[in-house]
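Below you'll find the structure, written out as structure tokens, and then a few comments.
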Amino acid sequence: MRMSRSFVPTLKEVPADATVASHQLLVRAGFIRQLAAGIYSVLPLAQRSLLKITDVVREEMNAIGGQEFYLPALNPREVWEESGRWSVMGENMFRLKDRKGADLCLAMTHEEVFTVLARAELRSYRQLPQTWYQIQTKFRDEPRPKSGLLRVRQFTMKDSYSFDKDNAGLDTAFESHRQAYAKIFGRCGLKTIQVDAHSGAMGGSGSTEFMVPTDAGEDLIASCESCAYAANTEKAESKVETPNTYAESGGTAALQKFATPGVTTIEALSKPPHGVKADQQLKTLIYMADEKPVIAIVRGDDQLNEAKLQTASGAQILRPAHAEEILKLLGAKPGSLGGVGLGEKKFPLFIDARLAGLSGLVTGANEDGFHLQHVSVPRDLAYAVSRDLRMVNAGEGCPKCGKPLVVGKALEVGHIFKLGTRYSETMGARVLDEAGREQPIVMGSYGIGVERILAAAIELHHDQDGCKWPMSIAPFHIALLPLQMQDALVREAAEKLYLELTKAGVEVLLDDRDERAGVKFKDADLIGIPVRIAVGKKGLAEGKIEWKLRGSKDFELVTLADVVARAQQAVRDGGGKLARA
RNA sequence: CGGGGCGUAGCGCAGCCUGGUAGCGCGCCUGCCUUGGGCGCAGGAGGUCGGAGGUUCGAAUCCUCUCGCCCCGACCA
């Protein structure tokens with residue numbers, strides 16, 4: 001491609017509204033432009049890289065027997081009603097009506113439509129297993145789009161679905177996806193770690209996320225550096241010592257109400273005149289699980305993990321209760337709540353597992369301005385269900401080996417789910433087994449965010465001057481810079497190289513603009529093309545060009561006759577592919 | 001949704017408090033000059049000041065409403 005005739009709008013200055021590196025550089029280097037919040041136009045450079053990413057994805061999906069589909073993004077309400085997700089998806093789903101007034105939505109994912117196909121056409125276990133996938137546009141009305149391409153409302157997803165006759169088959173499909181994903185991300189230049197994750201609105205029995213560790217990410221993952229344990233903090237567990245410290249100081253004493261006027265926070269209660277340490281307090285939180293109240297109790301100095309409460313309660317939609325709802329249910333305002341004496345109210349009540357057996361604790365009395373002391377969990381909260389509900393903290397013991405856990409930010413680029421029969425049962429996708437009995441198909445679903453790979457690659461590979469693309473997904477393999485366009489010899493040499501390289505399958509961006517050398521260097525660095533070939537008067541006099549890798553400080557003089565072979569080798573060595581000439 | 005911030009030329013910003021002339025840098029166009037890390041000089045084009053309403057002789061500036069965008073907290077590829 002010739003720079004002089006290309007649409008590559010680079011910027012000298014950092015766009016004011018971009019905060020993360022990938023966003024700043026994608027805009028500055030002319031890869032994307034914003035149309036609206038969370039909606040971006042993909043410009044030619046980005047499109048080239050995205051096509052390379054999807055090529056990698058296709059190769060690896062096909063390698064595990066995936067068959068490529070292309071399903072509609074525009075879906076009728078009915079199929080989403082069947083799975084129950086028309087309501088579960090809530091405001092996150094874009095909805096619209098057709099001219100007849102029928103409800104439609106823009107699909108956020110495609111379990112429903114693929115399940116419709118499966119139930120209509122799959123009759124026998126002999127047709128299984130099947131692996132179906134597509135690379136398609138997804139729409140999600142995110143509450144808060146942010147960080148350029150990292151969190152958007154319209155994006156490209158590779159989503160695949162496995163259909164098996166039993167759990168053993170699902171395990172196999174899940175494992176082959178795991179390996180395919182590891183290859184895909186590796187080939188795209190990403191280092192990922194696999195973590196146990198919460199399944200969220202997808203449902204199903206288990207899931208693994210592929211995470212790129214970077215501060216630009218929004219997830220927190222806990223990992224152990226001495227064993228293989230890694231989990232999203234939504235799900236992570238830890239070993240924490242919880243001695244029954246307060247039992248000795250009157251743990252068996254009778255419950256006692258005491259006045260705490262104006263005290264509505266853990267912190268306030270921990271200060272004089274009360275001086276109740278946070279780890280002696282019970283934090284009582286009221287949630288609405290599918291619009292029915294549930295109560296969660298964690299230690300005062302712990303944080304409730306909402307994902308864990310969602311799992312414990314079995315709720316599809318979980319939200320904190322509003323203040324009015326709480327007042328109605330418990331007769332007190334937040335800040336004075338407690339679980340003691342609620343046994344007969346029959347609310348589902350969960351208590352964090354680390355509190356089991358403890359006594360000598362303090363909790364709200366469900367009466368504004370009062371708390372209870374000498375609370376004994378076995379005596380006063382016997383009806384509460386004990387579950388792991390707390391958020392892990394860095395430094396706590398790894399649940400596997402006990403060594404301290406590390407907590408760090410990461411970006412989710414892929415997520416694989418064992419769905420089981422969650423969709424086949426609700427939507428009636430069954431096949432006959434060997435004995436002629438109808439059995440629900442056992443499903444898995446697997447997603448990759450394509451644009452996120454692009455952005456993650458920049459987060460991982462960039463410097464002060466710009467992007468540093470891995471060869472495999474770089475928009476071009478080589479930037480060819482004639483340094484003095486007014487010099488006919490330089491121009492001709494560059495043109496000749498451009499033809500030879502292109503013919504050899506090397507993708508070259510020829511900067512044939514009538515610009516000064518500095519401008520070309522800056523743009524080549526900013527765009528981040530892996531190899532730069534500078535053709536200048538000085539080198540040419542000796543029949544040589546300057547060969548420089550984007551990352552390195554120095555260049556090397558290479559004889560003109562050697563350039564093509566060297567370029568082809570560099571493309572292959574970098575994991576890139578030569579274009580079909 | 002809750003909290004905070006910002007909308008003035010393609011980009012980055014000043015002007016607003018204290019109403020009256022819309023300005024700077026980059027980019028863009030023309031010419032000359034220069035030519036190995038975003039050259040220099042000269043000339044030039046380009047703006048419904050996000051939108052609507054109000055106050056006023058007069059509004060980018062004051063008031064009301066509204067739309068949009070960004071950031072921080074609850075969701076997900």
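Here is the naming used below: chain letters follow the sequence lines, and residue numbers restart at 1 for every chain.
- Residues A/Glu142 and A/Arg151 are paired through a salt bridge, judged by an N-O separation under 4.0 Å between the basic side chain and the carboxylate.
- As judged by a 4.0 angstrom heavy-atom cut-off over every strand, A/Ser147 is placed among residues touching the sugar-phosphate backbone only.
- Look at the C1' atom in both B/A14 and B/U8: the space between them is 10 Å, to the nearest Å.
- A/Val152 comes within 4.0 angstrom of a nucleotide base, judged by non-hydrogen atoms across all strands.
- Within the structure, the side-chain hydrogen bond (donor to acceptor under 3.5 Å, both in side chains) test picks out the following pairs touching residues 545-557 of chain A (sequence neighbours left out): A/Asp463-A/Arg550, A/Glu556-A/Arg566.
- The residue A/Thr156 sits apart from the nucleic acid: no heavy atom pair falls under 4.0 Å.
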Donor-acceptor contacts, no H, no angles, side chain residues 522-529 of chain A, under 3.5 Å, sequence neighbours left out:
| from | atom 1 | to | atom 2 | distance (Å) |
| --- | --- | --- | --- | --- |
| A/Asp523 | OD1 | A/Thr10 | OG1 | 3.0 |
| A/Asp523 | OD2 | A/Arg513 | NH1 | 3.3 |
| A/Asp523 | OD2 | A/Arg513 | NH2 | 3.0 |

>> Is there a side chain to side chain contact (heavy atoms under 4.5 Å, CB included) between A/Phe185 and A/Ile453? Walk through the geometry before answering.
In response: CA-CA 8 Å; A/Phe185 298 127; A/Ile453 293 181; 3.8 Å; yes

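- A salt bridge between A/Glu218 and A/Lys146 is present, with a side-chain N of the basic residue lying under 4.0 Å from a carboxylate O of the acidic one.
- Comparing A/Leu526 and A/Glu13, the nucleotide of RNA chain B nearest to each residue sits closer to the 5' end for A/Glu13.
- Base contact: A/Asp219 has a heavy atom under 4.0 Å from a base atom.
- Taking the 5.5 Å centre cut-off and the 30° plane limit, the aromatic side chain of A/Phe521 is not classed as stacked on B/G36.
- Ion pair A/Asp196/A/Lys235 not flagged as a salt bridge, since none of the NZ, NE, NH1 or NH2 atoms sits closer than 4.0 Å to an Asp/Glu carboxylate oxygen.
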Pairs: protein N or O with nucleotides 31-35 of chain B N or O, under 3.5 Å:
| from | atom 1 | to | atom 2 | distance (Å) |
| --- | --- | --- | --- | --- |
| B/U34 | O2 | A/Arg516 | NH1 | 2.8 |
| B/U35 | O2' | A/Gln486 | NE2 | 3.4 |

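- Rounded to a whole angstrom, the distance from the C1' atom of B/U21 to that of B/G47 is 16 Å.
- Within 4.0 Å (heavy atoms only), A/Asp487 reaches no atom of the nucleic acid at all.
- A heavy-atom distance below 4.5 Å is not found between the side chains of A/His110 and A/Phe69.
- Shown here, B/C39 forms no base pair; nothing in the strands shown gives a Watson-Crick or G-U wobble contact with both key distances under 3.5 Å.
- Considering only side-chain N and O atoms, A/Lys12 lies nowhere under 4.0 angstrom from the phosphate OP1 or OP2 of B/G12.
- Set against B/G38, B/C75, B/C69, the side chain of A/Ala37 has B/C69 as its closest nucleotide.
- Between A/Arg491 and A/Asp512 there is no salt bridge, since no side-chain nitrogen of the basic residue lies less than 4.0 Å from a carboxylate oxygen of the acidic one.
- The CZ atom of A/Arg144 sits 15 Å away from the P atom of B/G3 (whole-angstrom rounding).
- To the nearest angstrom, C1' of B/C76 lies 17 Å from CZ of A/Phe210.
- Within the nucleic acid shown, A/Glu451 has no heavy atom closer than 4.0 Å to any nucleic acid atom.
- Nucleic acid contact class of A/Gly536 (heavy atoms, under 4.0 Å, all strands): base.
- Residue-level contact check: A/Val519 touches the bases, meaning some heavy atom is under 4.0 Å from a base atom.
- When the C1' atom is compared between B/G73 and B/C11, the two are found 31 Å apart, to the nearest whole Å.
- Here A/Arg532 lies in heavy-atom contact (under 4.0 Å) with a base.
- If you check every strand for non-hydrogen atoms under 4.0 Å, A/Ala36 touches sugar and phosphate atoms only.
- When heavy atoms are screened at a 4.0 angstrom cut-off, A/Lys146 is found touching the sugar-phosphate backbone but no base atom.
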